[in-house]
Chemist: 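First the structure, which I've put down as structure tokens, then a few questions once you've had a look.
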Amino acid sequence: MARNELRPVVRLRSTAKTGYTYVTRKNRRNDPERMVLRKYDPVARKHVGFREER
């Protein structure tokens, strides 16, 4: 199976301005807008929002 643009790899950057990122995949058909997930930021040492960057 070839990888396509329906499930692209996206980088999630911390909204705490620490520069920490997570890498994940998303389904563009279900989530066409930018993804925001609440995850742990080890630099800030707390849970913060991570927003998809393009």
Side-chain angles (χ1 to χ4, degrees):
M1 282 179 101
R3 292 191 178 177
N4 59 13
E5 289 299 314
L6 181 62
R7 283 197 162 283
V9 174
V10 295
R11 293 184 65 156
L12 302 173
R13 183 168 301 275
S14 173
T15 57
K17 306 294 186 198
T18 59
Y20 194 79
T21 59
Y22 280 98
V23 178
T24 188
R25 291 182 167 275
K26 78 168 195 174
N27 188 337
R28 279 212 179 135
R29 196 172 291 161
N30 293 339
D31 299 313
E33 64 278 348
R34 289 191 184 184
M35 180 186 292
V36 177
L37 295 176
R38 189 166 162 83
K39 297 181 79 61
Y40 184 74
D41 187 341
V43 178
R45 296 173 57 190
K46 60 183 177 179
H47 282 83
V48 295
F50 279 77
R51 185 171 173 84
E52 174 185 346
E53 67 175 15
R54 295 191 180 168

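The shown structure was predicted, so the numbers you read here are calculated from the model rather than taken from an experiment.
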Chemist: Not counting sequence neighbours, list each pair that qualifies as a side chain to side chain donor-acceptor pair (under 3.5 Å) and has a residue in residues 29-41.
Modeler: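 Residue pairs passing side chain to side chain donor-acceptor pair (under 3.5 Å), neighbours aside: Ser14-Asp41, Thr18-Asp41.
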
Chemist: Could you grab the distance from atom CD of Glu53 to atom CZ of Arg13, nearest 0.5 Å is fine?
Modeler: 4.0 Å

Chemist: Only counting residues at least two apart or in another chain, list the ones meeting side-chain hydrogen bond (donor to acceptor under 3.5 Å, both in side chains) with Arg28.
Modeler: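 Arg28 satisfies side-chain hydrogen bond (donor to acceptor under 3.5 Å, both in side chains) with no other residue.
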
Chemist: Are Tyr20 and Val36 grouped together when hydrophobic residues (ILVMFWY) are joined by side-chain heavy atoms under 4.5 angstrom apart?
Modeler: no

Chemist: Do you know which two heavy atoms are closest between Phe50 and Leu12, and how far apart they sit?
Modeler: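 That closest heavy-atom pairing would be CD2-O, 3.5 Å.
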
Chemist: Quick one: side-chain hydrogen bond (donor to acceptor under 3.5 Å, both in side chains) partners of Glu5, sequence neighbours excluded?
Modeler: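 Scan of Glu5 (side-chain hydrogen bond (donor to acceptor under 3.5 Å, both in side chains), adjacent residues dropped) gives none.
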
Chemist: Using modelled atom types only, decide if a donor and an acceptor are shared between the side chain of Arg7 and the backbone of Arg25 within a distance under 3.5 Å.
Modeler: no

Chemist: Scan side-chain atoms only and decide if Thr21 and Arg11 contain a donor-acceptor pair under the 3.5 Å cut-off.
Modeler: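 Yes.
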
